[in-house]
S.K.: 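Encoded as structure tokens, here's the structure I'll be asking about.
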2 protein chains.
Amino acid sequence: MQESRLALTTDRIVSVCRELLIEGGPPAVVVREVARRLSVSAPALYKHASGRDDLLTLLIASLQDELATNCEQARDAIPADDAPAKLGAATAAFRSWALANRSEFALIYGQPIAGYSAPEDGPTVGSSLRFGRVFAEIYGQLLRDGRLRMPDETDLPEGFERTLVHSPLPPDQQFPPAAVYQFAMGFQRMLGLISVEVAGHLGWAMTSSDVFAQRQLEDLAGELILPKPKGPSA
Amino acid sequence: MQESRLALTTDRIVSVCRELLIEGGPPAVVVREVARRLSVSAPALYKHASGRDDLLTLLIASLQDELATNCEQARDAIPADDAPAKLGAATAAFRSWALANRSEFALIYGQPIAGYSAPEDGPTVGSSLRFGRVFAEIYGQLLRDGRLRMPDETDLPEGFERTLVHSPLPPDQQFPPAAVYQFAMGFQRMLGLISVEVAGHLGWAMTSSDVFAQRQLEDLAGELILPKPKGPSA
DNA sequence: ACGATAAGTTAACATCGTTAACTATGCAAG
DNA sequence: CTTGCATAGTTAACGATGTTAACTTATCGT
């Protein structure tokens, strides 16, 4: 094995895949072109990935990890006792990563079209869970601190509780249904708002959607978070 | 020109493209396979479309049209003076079409990835405008009827007005900035919520997101619409 | 020293999008 | 009626793609 320059590591492969993704979207990440840019023959890649789909899967997992790391770091730069600020920071980190890496964001959160890379048990689920945990921990703290606004249990949609997936948390850390409801709402709205903005679907109304979209996320936080109680409760 | 069965119309081509889209996503709509299913040679399709990208563009335009028609019909089945109900009906039609045609929805509103079919002046813009008009007319009526909740102009984000794209409507039908703000908010949130639901990104929390997602849209309507004033205003 | 395993290579196959060159049909003008 | 031409299709071919098979080479543990 001659090392023409560097070793042919999975990292270098994924990195080239990302270049191609940025340049021309998913259809542009083409096995033979990846090989060309690595000065290597195409079948060599099959020692590291089982095919083109696997290349995409590796890339997705890597990007999910980068995104999760970004949000995690933003969150952990906030004073430990300020859960509301943590939510704001993680959300802002999510949004700015998405805007700065539109193609990558689209690959991760674009509609998982039939026939595309559909990893059921691949390395994506680990990264995906890690990402979920970043936000789950914030909501957990909001809940413990009494800063999470929660609807009355009787106001939840009929049959909502029955559809809940029981979380893998220990029983003493389980979220009450109303908290899961708020978590899911925060997630659905955050991801939805950012997806629409990143896709440029606001272009018909404004030339720059920056201040508008940011306000939408702030309003969401306002709906989720309870103002700090005034005096000491005891 | 032998007519083996039917004539080779653009409609039949688009219809086969849609079949393939459903079966295997965008990568599965393959020129030669389209031709095969039409019992025709591949180059024959080039008399009707200029290539694979054009095939996708035609399909997108057709789907946008179908979606717009669906929303339009739902809206027009509501008593003409009940604008709030029109919004609800059009939104519900949008959502149920999206859920019933996930692949198609993903193609229309999936992230417009670089390298994919990017029609700037193709037949898509017409269908797209038509779709926008369906909802714009509803918001216009809500506005005229005083049923559109609008934020105070001083509460709009700094610099928001400056980014607004001036609409092609006659000056006497222009929306005030606060109304555009609400229109854009309704659009961004509706499209975002539905995109996330259709993509199945709620699966980690619930087995069926139906009642949950429906409630999110109802809450959105509640934020957008002003309750009917009690007595006669005069 | 040696053989097995890992990590490359070249050659080949079927399939893809697209173009070029050709053919047959149907209709309008003389 | 015939001529002629645009329309709508055909076959053949080119280059590029994903993937597999068969082969080569280097590394390293025993």
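Each chain gets a letter, A, B and so on, in the order its sequence line appears, and its residues count up from 1. All figures in this text were calculated on a predicted structure; none of them were measured in a lab. Note that these values count all heavy atoms, side chains included, but never hydrogens, waters or copies made by symmetry.
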S.K.: Using atom CG of B/L38 as one end and atom C1' of D/dG9 as the other, report the distance to the nearest whole Å.
M.R.: 13 Å

S.K.: Between atom CG in A/D53 and atom P in D/dG18, what is the gap in whole Å?
M.R.: 11 Å

S.K.: Could you give the distance from OG (B/S195) to CG (A/L191), rounded to the nearest 0.5 Å?
M.R.: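 Between atom OG of B/S195 and atom CG of A/L191 there are 9.0 Å.
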
S.K.: Partners of B/R18 by side chain to side chain donor-acceptor pair (under 3.5 Å), sequence neighbours excluded?
M.R.: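 Residues passing side chain to side chain donor-acceptor pair (under 3.5 Å) with B/R18: B/E66, B/N101, B/E104.
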
S.K.: The side chain of A/P43 lies closest to which of these nucleotides: C/dG8, C/dT19, D/dT20?
M.R.: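 Closest of the options to the side chain of A/P43: D/dT20.
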
S.K.: It should be established whether B/S41 places a side-chain nitrogen or oxygen under 4.0 Å from OP1 or OP2 of nucleotide D/dT10.
M.R.: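 Answer is yes, contact under 4.0 Å.
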
S.K.: May I have the step-by-step check of ring-ring contact (aromatic ring centres under 6.0 Å, His included) for B/F160 and B/Y181, ending in yes or no?
M.R.: CA-CA 9 Å; B/F160 170 71; B/Y181 181 91; 5.4 Å; yes

S.K.: With B/F187, which residues qualify under ring pair (Phe, Tyr, Trp, His ring centres under 6.0 Å), at least two apart?
M.R.: A/W204

S.K.: Do any of residues 25-35 of chain A sit with a heavy atom less than 4.0 Å from DNA chain D, and if so which?
M.R.: A/V30, A/V31, A/R32

S.K.: Suppose we screen for side chain to side chain donor-acceptor pair (under 3.5 Å). Which residues come up paired with A/R130, at least two apart in sequence or across chains?
M.R.: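 Counting only residues at least two positions away or on another chain, A/R130 forms a side chain to side chain donor-acceptor pair (under 3.5 Å) with A/D65, A/T69, A/E72.
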
S.K.: Can you identify which nucleotide, out of C/dA7, C/dG17, C/dT9, has its nearest atom closest to the B/Y46 side chain?
M.R.: C/dG17

S.K.: Whole angstroms only, please: what is the CG-P distance between B/D54 and C/dG17?
M.R.: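 These atoms are roughly 14 Å apart.
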
S.K.: Assuming nearest nucleotide by heavy-atom distance, tell me which of A/S50 and A/R36 is located more 5' along DNA chain D.
M.R.: A/R36

S.K.: Holding to side chain to side chain donor-acceptor pair (under 3.5 Å), I want the full list of residues that pass it with A/R133, two or more places apart in sequence or in another chain.
M.R.: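 Once residues adjacent in sequence are excluded, A/R133 has no partner under the side chain to side chain donor-acceptor pair (under 3.5 Å) criterion.
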
S.K.: Taking only residues two or more places apart in sequence or in another chain, which ones pass side chain to side chain donor-acceptor pair (under 3.5 Å) with A/D210?
M.R.: A/R95

S.K.: Taking atom P of D/dA6 as reference, at what distance in whole Å does atom NZ of B/K47 sit?
M.R.: 13 Å

S.K.: How close or far is atom C1' of C/dG17 from atom CG of B/L56, stated in whole angstroms?
M.R.: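 Answer to the nearest Å: 13 Å.
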
S.K.: Please give, in whole Å, the distance from D/dA8 P to B/L45 CG?
M.R.: 13 Å

S.K.: Measuring to OP1 and OP2 of C/dA6, would you say a side-chain N or O of A/H48 lies under 4.0 angstrom away?
M.R.: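 No, no such contact exists.
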
S.K.: Counting heavy atoms from C-beta on, name the nucleotide in D/dT10, C/dT9, C/dT18 closest to the side chain of B/A42.
M.R.: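 Of D/dT10, C/dT9, C/dT18, C/dT18 is nearest to the side chain of B/A42.
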
